[in-house]
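Working notes for the structure below.
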Amino acid sequence: MDAIRIVGGTPIEGRIRISGAKNAALPILCATLLSDGESLLRNVPALRDIETCSDLLRTIGREVSCAPPEVRVGGSDITPEAPYELVKRMRASVLVLGPLLARCGRAKVSLPGGCQIGSRPIDQHLKGLEALGANIKLDRGYVIADAPRLRGAEVVFDMPTVTGTENLMMAAALAKGTTTLVNCAREPEIVELARVLNKMGARVSGAGTASISIEGQDELAPFDHAIISDRIETGTYMVAAGATGGDLLIEGAPLSDLEALVGKLRAAGISITAEGEAIRVQRQGPLRAVNTTTSPHPGFPTDMQAQFMVLMCVAEGTSRITETIFENRFMHVPELRRMGAKIAVEGHTAFVTGVPELTGAEVMATDLRASASLVIAGLVATDEETTIRRVYHLDRGYEKMEAKLAAVGATVERIRGLSP
Ligand code: EPU
């Protein structure tokens with residue numbers, strides 16, 4: 001198993017280019033199931049989750065040429081089944097359920113189990129598909145769904161769910177009649193999926209608001225689409241620059257989808273400015289404690305909570321960080337404590353009292369964003385080196401992170417095959 005070794009204490013300075021968004025690419029790869037013919041995705045990040053999704057599409061019967069930044073998906077034979085071996089590797093595999101059911105009239109998809117950050121049920125996906133006329137039963141860990149032809153309907157989600165909204169949008173695109181989705185997630189990745197579905201010939205409106213309307217079609221066409229840049233990768237490097245007191249020019253990502261995060265970073269004492277097409281992130285003065293609470297977009301993203309916490313670990317004062325999306329997303333806290341952080345957790349809130357310095361340590365990555373937070377902590381740590389084990393979590397969602405950081409002056413290297 002690979003590990004990452006970091007010698008911290010150096011401000012990162014230079015340019016970093018942001019890759020395509022993982023959480024936009026995954027549903028769009030699944031949307032290729034809605035049509036015959038070859039679709040072309042551009043600006044796809046080279047990540048383990050993209051490989052897993054490609055394997056899943058191949059298992060289903062598609063021909064996939066996965067060569068990021070381009071992925072081509074073609075072929076017309078579909079076996080509407082997603083086995084446990086693949087779904088357990090990546091929960092987002094559940095995104096094939098809506099397209100398979102709409103396309104084939106039936107689908108058998110393994111139920112994703114819980115994961116490190118929470119139990120993550122898919123009841124809202126199933127409730128929505130049932131409202132579109134699907135018959136759904138659960139059998140030995142699998143969702144078995146059938147519906148000769150889905151029918152447009154109104155679906156009211158109990159809470160905004162990102163992949164739930166996406167699954168329903170894709171299913172509704174081939175349903176008979178119009179579907180209205182209410183209380184939808186409003187993430188930019190949903191707007192991006194709507195763009196693709198519209199390119200395929202569906203009529204989707206309202207994406208990015210709480211109510212989305214989809215006029216279903218009898219057939220959809222393949223597409224050619226360049227994926228938007230990854231806002232969470234962007235935010236992660238913003239925090240890394242701010243935490244190390246660096247000066248970074250972040251290229252290829254707009255500021256527009258990051259308002260809540262940028263507001264908090266500025267309040268913490270980090271300067272963030274648009275510079276042409278790029279974003280400049282700098283910090284000269286001390287970091288200040290800032291409270292934050294995660295919430296669905298456009299609120300503060302849960303996928304940035306762990307990284308933001310590292311910043312607060314070295315800020316002046318005590319901050320309060322409340323996680324409202326997932327019930328167990330503080331797995332990074334014990335690891336950060338091993339690096340000298342002062343964090344007390346009460347329920348869903350972490351109270352972080354800033355310390356002047358973090359110290360390097362051997363730590364364990366537990367999930368994707370927790371891993372990113374440990375990398376940032378390693379960059380900040382001034383005493384001793386940090387070794388982060390189980391970096392396969394990081395490889396799921398950050399393209400060439402150690403190479404990108406090394407190019408801006410960090411001392412970071414991958415150690416291959418270190419025992420877990
Ligand atoms: N929920 C339910 N029932 C459902 C669906 C969701 O109770 O049927 C709950 C969840 O348990 C959670 C909340 O609703 O408490 C929101 O979960 P959501 O469904 O929005 O999460 P997701 O779609 O499974 C996506 C991202 C996550 C990101 C969350 C929240 C993808 C592939 N994954 O997950 O990304 O944290 O939205 O923004 O888009 C990551 O990239 O590290 C990651 C975990």
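Quick note: numbers below take in every heavy atom, side chains included, and nothing from hydrogens, waters or symmetry partners. Ligands are counted one by one from 1 in listed order, and the atoms in each one are counted from 1 as well. Throughout, numbering of the chain's residues begins at 1 and tracks the sequence.
Residue, atom and distance of the protein heavy atom nearest to atom 14 (O) of ligand 1 are Met159 CG, 3.5 Å. With hydrogens left out, the protein atom closest to atom 24 (O) of ligand 1 is Arg120 NH2, 3.0 Å, a heavy atom. In terms of protein heavy atoms, atom 20 (O) of ligand 1 is closest to Val162 N, 2.8 Å. Here the heavy atom of the protein found nearest to atom 41 (O) of ligand 1 is Arg369 NH2, 2.8 Å. For atom 21 (O) of ligand 1, the closest heavy atom belonging to the protein is Phe326 CZ, 3.8 Å. The protein atom (non-hydrogen) at minimum distance from atom 33 (N) of ligand 1 is Asn23 ND2, 3.7 Å.
The closest approach between His393 and ligand 1 stays at or above 4.0 Å for every heavy atom of the residue. Distances shorter than 4.0 angstrom do not occur between any heavy atom of Ala185 and any atom of ligand 1.
Heavy-atom proximity to atom 27 (C) of ligand 1, evaluated over Ile325, Asp303, Asp49, is greatest for Asp303. Between Thr302, Thr163, Leu95, Ile122, it is Thr302 that holds the heavy atom closest to atom 30 (C) of ligand 1. For atom 2 (C) of ligand 1, the choice among Ala92, Pro27, Ser371, Pro121 with the nearest heavy atom turns out to be Pro121.
Checking Thr165, Asp158, Thr161 one by one against Gln124, the side chain to side chain donor-acceptor pair (under 3.5 Å) holds for a single residue, Asp158. Under the side chain to side chain contact (heavy atoms under 4.5 Å, CB included) test applied with Thr318, the options Val352, Asn291, Thr353 reduce to a single match, Thr353.
Electrostatic pairing of Lys400 and Asp395 does not count as a salt bridge here, judged by no charged N lying under 4.0 Å from a carboxylate O.
Proximity to Gln124 (heavy-atom distance under 4.0 Å) selects the following atoms of ligand 1: 3 (N), 4 (C), 8 (O). Residue contact check: Lys22 has heavy atoms under 4.0 Å from atoms 40 (C), 41 (O) of ligand 1. For ligand 1 and Arg329, the ligand atoms under 4.0 Å from any heavy atom of the residue are 36 (O), 42 (O), 44 (C).
Proximity of the aromatic rings of Tyr84 and Tyr142 is defined here by a centroid distance below 6.0 angstrom, and this criterion is not met.
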Tabulate below the donor-acceptor pairs under 3.5 Å that side-chain atoms of residues 167-182 make, not counting sequence neighbours, or state none.
unit_1 : atom_1 : unit_2 : atom_2 : d
Asn167 : OD1    : Gly98  : N      : 2.8
Asn167 : ND2    : Val94  : O      : 3.0
Asn167 : ND2    : His125 : ND1    : 3.1

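Residues Ser54 and Arg58 have side chains in contact (heavy-atom distance under 4.5 Å, counting atoms from C-beta outward).
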